[in-house]
Q: 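My structure is below; once you've seen it, I'll send some questions.
When a ligand or atom number is given, it counts from 1 through the structure's own listing order.
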Amino acid sequence: MISEWLAGLQYRLGATIDTAGHIVPDTSWSARLQGSDRLWMLIEGTHVLSLMLFAGTILFVDLRLLGAVLRSVPVSRVAGSLLPWTVAGFLVTVTTGSALFFSDPLEYFHNFAFRLKALFLLGAAVNIFWFHFRVQANRPQWDGAEVPPRAARISAATSLAVWFAVIVAGRYMAYDWVKCMNPGALVSEIAQCSTYDATLAEIDAETAQ
Ligand code: HEM
């Protein structure tokens, strides 16, 4: 069902329909963004730059929580001065990421690396909630500690690991072997390539040849 909805987004939204009621290929908004000379690259470049801002500022907060850098500066000061940059970077990364996704929604939904990336993003979100609502609850007691307590260090190490995994999975999304083009058994299973093929067949029948 999700697959069919995304196919509608990719092939039908904004597309020209000919007199026989068929979709004219490559006329949808997604196809135009995908085929654009510069816009797609501009968005991807912005995605990468903003994720560097976002991941770079997170790195320093996590290293402080691990007691590895800026040990004499209270955690709240390090986090407080970097957080606005983290939030700004995150918003731009998510917005540009969503725009890139919109350029090829069905393909990305059935992309093994995209699914891993979504899973790691979910893991990062769970870790953020755990940190904010549990670990941070007694922060005044350890704010100035050179090495924060174990729970804070575990959360920081988890954050570093999952964000690293999100970046690696994001990088792998571009390779053909993670897509349903010519998938191995594991990729085919996890990316649900049989559903992808069935959805494409439906769209093919609606498209002008
Ligand atoms: C918030 C943290 C995120 C990080 C750290 C991240 C990381 C990355 C990285 C490293 C790349 C590869 C860039 C390159 O090598 O040129 C990438 C590309 C991409 N990302 Fe993200 N991303 C994030 C969020 C998102 C979100 C929320 C979405 C979609 C809803 C998304 C969709 C995409 C797409 C579609 C690509 C293009 C893949 C391709 O080359 O075909 N990203 N991302």
Q: So, Asp104 versus Ser30: side-chain donor-acceptor pair below 3.5 Å or not?
A: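 Not at all, the side chains of Asp104 and Ser30 share no donor-acceptor pair under 3.5 Å.
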
Q: What does the contact table look like for ligand 1 (nitrogen or oxygen on each side, cut-off under 3.5 Å)?
A:
{"residue": "ligand 1", "atom": "15 (O)", "partner": "Arg171", "partner atom": "NE", "Å": "2.3"}
{"residue": "ligand 1", "atom": "15 (O)", "partner": "Arg171", "partner atom": "NH2", "Å": "3.3"}
{"residue": "ligand 1", "atom": "16 (O)", "partner": "Glu44", "partner atom": "OE2", "Å": "3.0"}
{"residue": "ligand 1", "atom": "20 (N)", "partner": "His47", "partner atom": "NE2", "Å": "3.0"}
{"residue": "ligand 1", "atom": "20 (N)", "partner": "Lys117", "partner atom": "NZ", "Å": "2.6"}
{"residue": "ligand 1", "atom": "22 (N)", "partner": "His47", "partner atom": "NE2", "Å": "2.9"}
{"residue": "ligand 1", "atom": "22 (N)", "partner": "Lys117", "partner atom": "NZ", "Å": "2.6"}
{"residue": "ligand 1", "atom": "40 (O)", "partner": "Glu44", "partner atom": "OE2", "Å": "3.3"}
{"residue": "ligand 1", "atom": "41 (O)", "partner": "Tyr108", "partner atom": "OH", "Å": "2.7"}
{"residue": "ligand 1", "atom": "42 (N)", "partner": "His47", "partner atom": "NE2", "Å": "3.1"}
{"residue": "ligand 1", "atom": "42 (N)", "partner": "Lys117", "partner atom": "NZ", "Å": "2.7"}
{"residue": "ligand 1", "atom": "43 (N)", "partner": "His47", "partner atom": "NE2", "Å": "2.8"}
{"residue": "ligand 1", "atom": "43 (N)", "partner": "Lys117", "partner atom": "NZ", "Å": "2.6"}

Q: Taking atom CD1 of Ile2 and atom CG of Leu106, what is their separation to the nearest 0.5 Å?
A: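 Between Ile2 CD1 and Leu106 CG, I get 11.5 Å after rounding to 0.5 Å.
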
Q: Can a side-chain donor-acceptor contact be found between Tyr196 and Glu107 if the only test is distance below 3.5 angstrom?
A: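 Yes, side-chain donor-acceptor contact under 3.5 Å.
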
Q: Would you find a donor on one side and an acceptor on the other, under 3.5 Å apart, between the side chain of Asp143 and the backbone of Ser76?
A: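 Side chain of Asp143 to backbone of Ser76, a donor-acceptor pair under 3.5 Å: yes, one is there.
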
Q: Between Trp163 and Phe120, does the ring centre distance come in under 6.0 Å?
A: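 No - the distance between ring centres of Trp163 and Phe120 does not fall below the 6.0 Å cut-off.
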
Q: Mind listing the closest non-hydrogen atom pair of Arg153 and Pro148 along with its distance?
A: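 Nearest heavy atoms, Arg153 then Pro148: NE-O, 2.9 Å.
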
